[in-house]
Amino acid sequence: MTNNLKVIVIGGGHNGLVCASYLAKAGLSVQILEARDSVGGACAPIIDNNGNKLAGLAHASYGLNMQILKDLDLPALPIQLSLDTISLSEDGSHITFANNSVSGRKISERDSKSYRGFIEEFKKYSEALDVLTTNIPPRLKDMDWHDKKTLIKIGWNLRFGLGKKLMREFLRVGGINIFDVLNEKFDDPAIKGAIAFDAVLGHKMGPRTPNTVLSYLQKISFGENNSLCRSDNLSTLLEEKAKSLGVKILTNSKIDRIIIEDGICKGVKLESAEIFKSDLVISNADAKTTFLKFVGTEYLDAMFSHRVDSIRQEGAVARINLCLKALPKDQNLEGDKLFQRLIIAPDMQYVEHAFNHSKYGEYSDHPILEMIINRVEDRGPSVNSITATISASFAPYDLKGGWGKNRNLFVNRVFETIEKYIPGFNNLVKSYELLTPCDIEEQYNCVGGHWHHGEMGIDQSFMMRPVHGSAQYKTPCKNLYLCGASAHPGGGITGLPGHNAAKQIIRAI
Amino acid sequence: MTSSVFQKSPFQARLDALNIVQQWTSWNGYKSAQVFDTIASEYFAIRSTCSLMDLTPMEKFRITGPDSQRFLNRLVTRDLSNLAIDRVAYVIWCNDEGKVLDDGTVFRLGENDFRLCAQHHQLDWLSISRLGFNVNIEKETDDIAALAVQGPTSFSVLNKVGIEGLDKLKPFQICQQSISGIEIMISRTGFTGDLGYELWTSPENALDLWDLIYGQCENGNFDIRAIGLHALNMVRIEAGFIMPGEDFVTAETAVRADRSRSPFELGLSWLVDFEKPYFTGKKALQAEALRPANRRLVKLSVEGNKPPADAFLYDKENGKRIGTVKSCVWSPILKANLTLSDIEFENGSCPEKIWAEIYYQKELEWKSSWSQCHVSHKPFWKNARASLTPPMKF
Ligand SMILES: Cc1cc2nc3c(=O)[nH]c(=O)nc-3n(C[C@H](O)[C@H](O)[C@H](O)COP(=O)(O)OP(=O)(O)OC[C@H]3O[C@@H](n4cnc5c(N)ncnc54)[C@H](O)[C@@H]3O)c2cc1C
């Protein structure tokens, strides 16, 4: 490895920060250039119009992968921040998912037992796939020994980790949809709705869409000490870590172009026309932005450009920031329950119908929702503010007729929906802000405003992520790499794309 | 085949009238003659007098807009940044893997106005390639009547018709003319390797243009013949021009991965310019250029007088099989069997000895014999008259 290489990381999202930290730790001289006024990307805290500090877009996550916490000597998210998931029911018989078990007034013994079995089973699948997510996805052509090793490990995990019977089952469910799998396992519609919710939120998929078993596995972390948490301070933690390792960070520095000379990446040009030369450039921006905007098709092969252009990357999740006059008073959400992750996805049919609208460029009549109400003491300089954040789907990027006059209509849909589950909620709303996928595209510099920087369809996953011709974090341009959610294993707050990219880069130089 | 399924060329009335043997085929959907009379008479019209051929079926695309030149330069392997207005360049283009999709010619008609002519349908690929470029691409195959006037007396024929200025028109140059009220564009281009021109006009002028030129035959001034694809195929092999779809499978249509061919493998490295700005396939071709050549399409003449059609090629008699003949012709003018043949190279170079095993029939009895072959590094046939400016008068 050549020491003292100059590296530029475009974008200080959590993946950019993780990648930069690994590279700095390996002795490279790393400069992050971030367009926004702070780093963290979609997990950077949001300051609303009233000056309240809210969670970033990614308001709930399992936190960074354990290996990364260990390598970078980062603390796990404190237990106070952990969240149970409460799936709301119109009649108030909400169900709670916590510690790998499900409970609720109407939950049968059979279903609660099935749920434990389901978690056990999916945990094993997840462990079998772990090799794939925490590693550079193997090439299938021109393999080197790293690729072979990874493939062998995956094969080994599937066959011997899972055992013959479970492997056969995995191969079966992996190809079907979460709708069929859940119908085989549970009776209670609410359990099925809540699990299906996790399989589809962030995707343009419904429970009946093939691939939703894999998207569920990608989303959920089944580890023991690995519960869902508010991801409040993650960006600050990562920023401090990066800086302490010597990473230089410049915010308000929006990249306009990547400089390519004779097929080799030489640095970047900012929108301000300022030029930064470097030996390597690593892009945390999505693949479309990186290739079609920064590099330009003039420097790329035609079919490759076409493939990038064809990536399905239209976001479907909107964010609503709320300011409340008072906390909701609900006998079914007493005490700490109010501050958990509240979801509205009462059954799979509901979720499927919500998705159906998005296929035709409409927002859902009855959206699926994820809301986190903040404890006053947890955040915000103005003590009086009670705030909440909502991820609402489906709110398609390519909405028929555009978002303009539809903004209020959609928000009304969301509020009407919540009102049914938490009566009196509407009257508590003091003010709100809506971020549609179009707003997210603009404010977070990500084409389509997509949760994962690109759909997680099987054709856009693994060694095909983001596209054939740019897997393994490499690109057609020498010395240009990808490290964001566009790359394997995709989006969510995991740090894995950044980690794997760093591994690939260190291997390559 | 009934002729009704074919698209009719604007020259069709004249073509139909002249076609004695009624041998038609489809060329990009057009009713196109393979032969009008006899192949020999058509061949000798090209090489000794003057031939007329309907080029309308050739795919033509008009490319305009502020990025048209950059777009084309990213498309083709050759550097077009210095292609002047009123000039034509022979080009090939490749897919990402550096395998040839088609060949053709680019006409620069104005600052941001180009015509691309291609053997095969290319609109899909052009549309894919336009991403990020501000260009308009229109297929104009049916909107333009094109006529090839080729052969040693072609200059004199056109001169006689009243077209002026051809004495100054250099190979690959374009000029605009108006004769008898017909606006035509003339390019000194062709697929015969001989002196010749291609005439471009709007379809409603097609028959008038034909009559003007063919009239010189009818009034006894010159021998002019309509020619079909068979005669053209003979002369293009003599001239060493390749035919996508005949000499190699185009990358778009190849099913088996090892069937498509790179420019290097087709012996067209002179068309690949690594100094120019990026073009599709450059990266793959740069990598290929570092590896020893594994095969080439070579110009191969085969001794003897037995037609080596579809023959296998060997490194010695009964030796190791090293290739096949792709297209071949008995050249009347050179009195030789000429072929374009796909040869496997060993350690990056062409085998020194190449033998063809030829199967032939004698009164319905099959026999085989061995002939030695010779690689030609230049076109088999070349004549100074083709590029002389001003051309010779007859
Ligand atoms: C509405 C919404 C809700 C979500 N909720 C959750 C959740 O609850 N839990 C979860 O785990 N995940 C959630 N996600 C997904 C998660 O936020 C992303 O997958 C994750 O943030 C991707 O991280 P990243 O570092 O790869 O990219 P990003 O966080 O998008 O960071 C990319 C960075 O690159 C910068 N950049 C881009 N272009 C330029 C440029 N030209 N010049 C300089 N810098 C540039 C951007 O400004 C940005 O800071 C959500 C996503 C959305 C859209």
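Computed over heavy atoms, backbone and side chain alike; hydrogens, waters and symmetry mates excluded. So that the names make sense, note that chain A is the first sequence line, chain B the second, and so on, each numbered from 1.
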Could you walk me through whether B:F133 and A:E298 pass side-chain contact (heavy atoms from CB on, under 4.5 Å), step by step?
CA-CA 8 Å; B:F133 294 89; A:E298 211 174 338; 3.9 Å; yes
A:H306 and B:S127: side-chain contact (heavy atoms from CB on, under 4.5 Å), yes or no, with the steps?
CA-CA 10 Å; A:H306 175 67; B:S127 306; over 6 Å; no
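Atom NZ of A:K293 has more than 12 heavy atoms from other residues, nucleotides or ligands within 6.0 Å. Heavy-atom neighbours of B:E346 CD from other residues, nucleotides or ligands within 6.0 Å: at or below the threshold of 12. Within 6.0 Å of CD in A:E442 there are 12 or fewer heavy atoms belonging to other residues, nucleotides or ligands. Within 6.0 Å of atom NZ in A:K503, more than 12 heavy atoms from other residues, nucleotides or ligands are found, so the atom counts as buried in its surroundings. By the 6.0 Å contact criterion, CD on B:E138 is open, its count of non-hydrogen atoms from other residues, nucleotides or ligands being 12 or less.
The shortest heavy-atom contact between A:F304 and B:D96 is N-OD2, 2.7 Å. Of all the heavy atoms in B:W125 and A:M303, the pair that sits closest is CZ3-CE, 3.9 Å.
Distance CG/B:L131 to CG/A:D309: 4.5 Å, rounded to 0.5 Å.
Ranked by heavy-atom pairs shorter than 4.5 Å toward chain A, the options B:R70, B:R130, B:E97 are led by B:R70. Top candidate by heavy-atom pairs under 4.5 Å with chain A, chosen from B:D67, B:N73, B:I128, is B:I128.
When the heavy atoms of residues 252-284 of chain B are compared with those of chain A, the residues falling under 4.5 Å are B:Y278, B:F279, B:T280, B:G281, B:K282, B:K283, listed by number.
For B:R108, the salt bridge (Lys or Arg N to Asp or Glu O under 4.0 Å) partners at least two apart in sequence or on another chain are B:E111.
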